[in-house]
**Q** 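Supplied in structure tokens, the structure appears directly below.
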Amino acid sequence: RAKAEGKDTYRYFEASMGAEARDRRVMEHELRQAIARNEFRLVYQPQKEISSGRMVGFEALIRWRHPQRGDVSPATFIPVAEDSGVIIQIGEWVLATACAEAARWKNPLTVAVNVSAVQLHNPNFSRKVHEVLLGSGLSPGRLELEITETALVKDMPRALTTLRQVKALGVRVAMDDFGTGYSSLSNLRAFPFDKIKIDGSFIKSVDSNGQVAAIVRAVLGLGRGLGLPVLAEGVETLGELKFLDAEACEIGQGYYLGRPSPIENFSELTGVTAPTTEDHAPIKQRGG
Ligand code: C2E
Ligand code: MG
Ligand code: MG
Ligand code: MG
């Protein structure tokens, strides 16, 4: 009896695995079409100098509006795009779009672009970055690539070569989600990062939780020792911001400082205004 139950459980498990695999295949297929169908757009989240409140840059974050499913979170579709390789095309679209948009901003603020492990390990990556910079006319010093430490470990020599190549173009690199990966300390020394982004999970309640505060202070000390500015992600409250200011954390990003929004919402900084219907209606009609 126990055996039979086990067998049924297994069959059920197998069936559900099958369904999940099918869902992923469908999503992969939809992701391949999404660029041509104009379903992606970028939103931008402010990055501010904490001591002054001055805006220093924006992180570009991809959004996917699926015609039937509605908005799909990048946390859901980026892993599927990575497994299927379509992240290469999506990542190129993100890079080209972010650089072209930033090149038109009134103020020469930084644009930070997330780079997945699959992109980083593609031998054409640095050449692509170069092409996009030339094509957009964006000054390389205004582009910052955000790379997680987990993205480095697949092939460290390859990752190091690529980081050196993009740095030689004048592009900066930030370690994203710091503290959530592993072997962080040696990676910071071995790779030519320009900035540390402390993961938002360490900022939550940093002003009221002594253990979290100790970790954040240690990362800030590490940044100072290595000469790297530290950006705190996920700043949600004034209390968290005050703690970070008192601890001399250089840069902050999070809902308290500004939510990710279409670039038109920052028009006083960027000069970018919403497209008029006249500009876009005829194109949309033709495109379907
Ligand atoms: P990330 O690069 O660490 O981006 C920060 C995420 O935290 C964003 O989620 C942002 O909306 C969210 N966030 C910002 N402030 C706060 C806050 O105060 N509280 C909380 N709880 N969350 C906050 P999002 O846009 O959903 O993106 C999730 C992840 O998906 C990103 O994490 C990044 O790893 C990936 N991603 C997003 N856009 C791209 C992209 O264009 N390319 C690649 N390869 N990955 C991307
Ligand atoms: Mg990021
Ligand atoms: Mg992050
Ligand atoms: Mg993240």
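As the structure is a prediction and not an experimental result, all values here were calculated from the model. Read the numbers this way: they start at 1 and go in the same order the structure lists the ligands and their atoms.
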**Q** Within a distance under 4.0 Å of any heavy atom of Glu236, pick out the atoms of ligand 1 and give their elements.
**A** 17 (C), 18 (O), 19 (N), 20 (C), 21 (N)

**Q** When you measure from the Mg ion (ligand 2) to the N, O or S atoms of Asn114, does any of those distances fall below 2.8 Å?
**A** yes

**Q** Quick one: the OD1 of Asp176, the Mg ion (ligand 3), OD1 of Asp177 angle, rounded to 10°, please.
**A** 90°

**Q** For residues 264-272, run the donor-acceptor check on the side chains, cut-off 3.5 Å, and write out each pair with its distance to 0.1 Å, sequence neighbours left out.
**A**
| residue | atom | partner | partner atom | Å |
| --- | --- | --- | --- | --- |
| Thr270 | OG1 | Phe266 | O | 3.1 |
| Thr270 | OG1 | Val272 | N | 3.2 |

**Q** Any nitrogen or oxygen of Gln45 lying under 3.5 Å from a nitrogen or oxygen in ligand 1? Just yes or no.
**A** yes

**Q** Mark up the atoms of ligand 1 that fall under 4.0 Å of a heavy atom belonging to Ser116, in ascending order.
**A** 44 (N)

**Q** Regarding atom 8 (C) of ligand 1: of the candidates Leu61, Leu257, Val115, Val113, which has the closest heavy atom?
**A** Leu61

**Q** For the 3.5 Å polar cut-off, considering only N or O atoms, please tell me whether Ser73 and ligand 1 meet it.
**A** no

**Q** Which ligand 1 atoms does Ile62 reach within 4.0 Å, using its non-hydrogen atoms?
**A** 38 (N), 39 (C), 40 (C), 41 (O)

**Q** Heavy-atom distances under 4.0 Å decide this one: backbone, side chain, both or neither, for Arg63 against ligand 1?
**A** side chain

**Q** Are Gly200 and ligand 1 in contact, using a heavy-atom cut-off of under 4.0 Å?
**A** no

**Q** Distance under 4.0 Å to a non-hydrogen atom of Asp177: what atoms of ligand 1 satisfy this?
**A** 3 (O)

**Q** Answer yes or no for Gly234: is there a heavy-atom contact with ligand 1 below 4.0 Å?
**A** yes

**Q** Quick one: which ligand 1 atoms are inside 4.0 Å of a heavy atom on Pro260?
**A** 11 (O)

**Q** Counting heavy atoms only, which part of Val235 comes closer than 4.0 Å to ligand 1: side chain, backbone, both or neither?
**A** backbone

**Q** Any heavy atom of Glu233 closer to ligand 1 than 4.0 angstrom?
**A** yes

**Q** Report the atom name of the nearest N/O/S atom of Glu146 relative to the Mg ion (ligand 2).
**A** OE1

**Q** Any N or O on Ala60 sitting closer than 3.5 Å to an N or O of ligand 1?
**A** no

**Q** Any salt bridge linking Glu144 with Lys197? Criterion: basic side-chain nitrogen under 4.0 Å from a carboxylate oxygen.
**A** no

**Q** Would Lys197 count as a contact of ligand 1 if the rule is a heavy atom under 4.0 Å away?
**A** no

**Q** Side chain, backbone, both or neither: which applies to Arg259 and ligand 1 if a contact is any heavy-atom pair less than 4.0 Å apart?
**A** neither

**Q** Hey, does Gln253 come in under 3.5 Å of ligand 1, counting only N/O atoms on both sides?
**A** no

**Q** Is the distance from the Mg ion (ligand 3) to the nearest N/O/S atom of Glu233 under 2.8 Å?
**A** yes

**Q** Please work out, at 4.0 Å between heavy atoms, whether the side chain, the backbone, both, or neither of Asn114 comes within that distance of ligand 1.
**A** both

